[in-house]
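First up is the structure itself, then whatever we jot down about it.
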Amino acid sequence: MSSNDFFAARERMLMRIAQTRDATGAGLPHWARAEDGKWTLTSDGDWTGGAFVGELWLAHLADPERFPISDAHAALARMLPRAQLRTAFKGFGFYHGAALGSILFGDEMARDAALTAARSLGQMFDPRLGLIPLGQDAEEANAVGAAESSIDSLQATGLLYWAADRLGDSYLEEVASSHMRRVLEIHVRADNSVIQSSTLDPQTGKVLRTHTHKGYSDVSTWGRAQGWAMLYTAHAAMVRPKEPLWREYAVRVLDWWIDHVPTDLVAYWDFDDPAIPCTSRDTAATAIAAAASLRLASALGSTGGAKYRDFAERTATQLVSRYLTPTGPGDLRPIGMLTGGCFTRKAVARDIDTVQDAELIFGSYFLFECLVILTGLMSVGRI
Ligand code: GLY
């Protein structure tokens with residue numbers, strides 16, 4: 001795919017962002033039906049809505065007239081009640097939905113929201129466990145609370161490292177690193193695949209069981225479990241270049257993905273679903289993989305990073321050419337939707353999470369982020 005194709009894809013996604021902004025009213029998008037693009041909304045963003053605010057910050061960078069900063073402010077305002085919730089996943093929304101506004105534009109509303117969420121995450125750290133547990137408000141159907149963990153909770157770390165830098169706060173720095181270390185020890189298997197979730201002894205932090213909230217089984221590799229591990233180890237490798245452990249983990253989990261993803265580079269929702277190839281793909285996990293690869297490429301520099309930059313470009317190409325609407329002549333759906341996202345196929349999930357072959361707002365965010373980088377609008381390593 002030429003850079004012109006990436007520019008055209010970025011423009012298609014901007015059309016979808018404008019359409020979503022105009023269609024979502026007082027809510028924030030969670031996922032949209034593949035057949036017509038109609039969004040399922042949440043009132044305060046759940047864990048996902050920050051991805052849309054992140055799209056609005058990046059859209060403002062791309063085209064400030066079409067996407068004034070007030071768009072991002074209005075969407076961010078809807079998420080503010082979540083800043084104090086007891087959920088490790090709020091690091092996702094408040095990094096991409098708030099810290100980004102501070103990093104890219106020096107925006108004060110965004111900075112204040114991001115710092116409030118980061119301080120609250122810092123207070124959730126449990127020294128007996130050596131990590132931030134999922135918390136009682138964590139957005140999963142079950143097995144949440146003070147002694148539950150998952151690889152998804154690495155979502156806390158991007159926000160914590162940013163806040164530690166912003167405030168010169170050594171406590172937040174130590175929380176981020178301890179959380180990273182322990183979550184990776186528990187969930188990255190010896191073969192470098194990732195199990196999603198775990199239950200811990202609340203007194204000692206000992207691992208009582210590993211399991212999955214959204215994957216096929218307790219011994220399978222759910223696509224986004226691998227995806228979140230890749231994204232946040234690569235992010236940490238990028239923002240903490242002096243810590244070799246994050247780089248080592250990032251290479252391990254990224255190389256596992258590269259070795260196991262289908263040859264067309266779009267992952268099935270779970271690498272071990274026995275129904276493969278007659279089961280769902282997950283373009284969201286795949287977009288996360290591309291975003292992670294760009295981060296690792298940045299962390300490794302021009303020599304070691306070339307393989308990952310190339311992989312990111314090839315992965316983004318597959319997503320754009322096969323899953324970004326319009327996907328063929330006569331496709332009348334809204335332009336710029338990333339179809340093919342699978343929230344989960346697991347029966348035990350929240351009602352709002354049981355969807356396959358949909359547009360997932362966070363999948364769209366990560367593809368758009370990649371396109372913003374691949375078209376040169378923003379340098380890799382900035383966010
Ligand atoms: N909990 C994050 C995810 O569903 O990917």
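In listed order, ligands and their atoms are each counted from 1.
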*Ring centres of H179 and Y232 under 6.0 Å apart?*
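Distance test on ring centres: not under 6.0 Å, no.
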- Item | Close aromatic pair by centroid cut-off 6.0 Å: Y365 and W57 |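 Distance test on ring centres: not under 6.0 Å, no.
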Query raised in the report: Is the count of non-hydrogen atoms from other residues, nucleotides or ligands lying under 6.0 Å from D351 atom CG greater than 12?
Result: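 Atom CG in D351 is not crowded, with 12 or fewer foreign heavy atoms closer than 6.0 Å.
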Requested in this report: May I have all residue pairs that pass ring-ring contact (aromatic ring centres under 6.0 Å, His included) and include part of residues 132-176, sequence neighbours excluded?
Outcome: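 Residue pairs with at least one partner in residues 132-176: there are none.
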*asked:* Show me, by chain and number, every protein residue that has a heavy-atom distance under 4.0 Å to ligand 1.
replied: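 Contacts of ligand 1 under 4.0 Å: W47, E140, D152, K214, W222, R224, W228.
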Let me have the donor-acceptor pairs involving side chains of residues 77-84, under 3.5 Å, with sequence neighbours excluded, atom names and distances please.
from, atom 1, to, atom 2, distance (Å)
R78, NH1, G25, O, 3.4
R78, NH1, G27, O, 3.0
R78, NH2, G25, O, 3.1
R82, NE, D46, O, 2.8
R82, NH1, D44, OD1, 2.9
R82, NH1, D44, OD2, 2.8
R82, NH2, E139, OE2, 2.4

For W39, check ring-ring contact (aromatic ring centres under 6.0 Å, His included) against everything at least two apart and list the hits.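 With sequence neighbours excluded, W39 shows a ring-ring contact (aromatic ring centres under 6.0 Å, His included) to no residue whatsoever.
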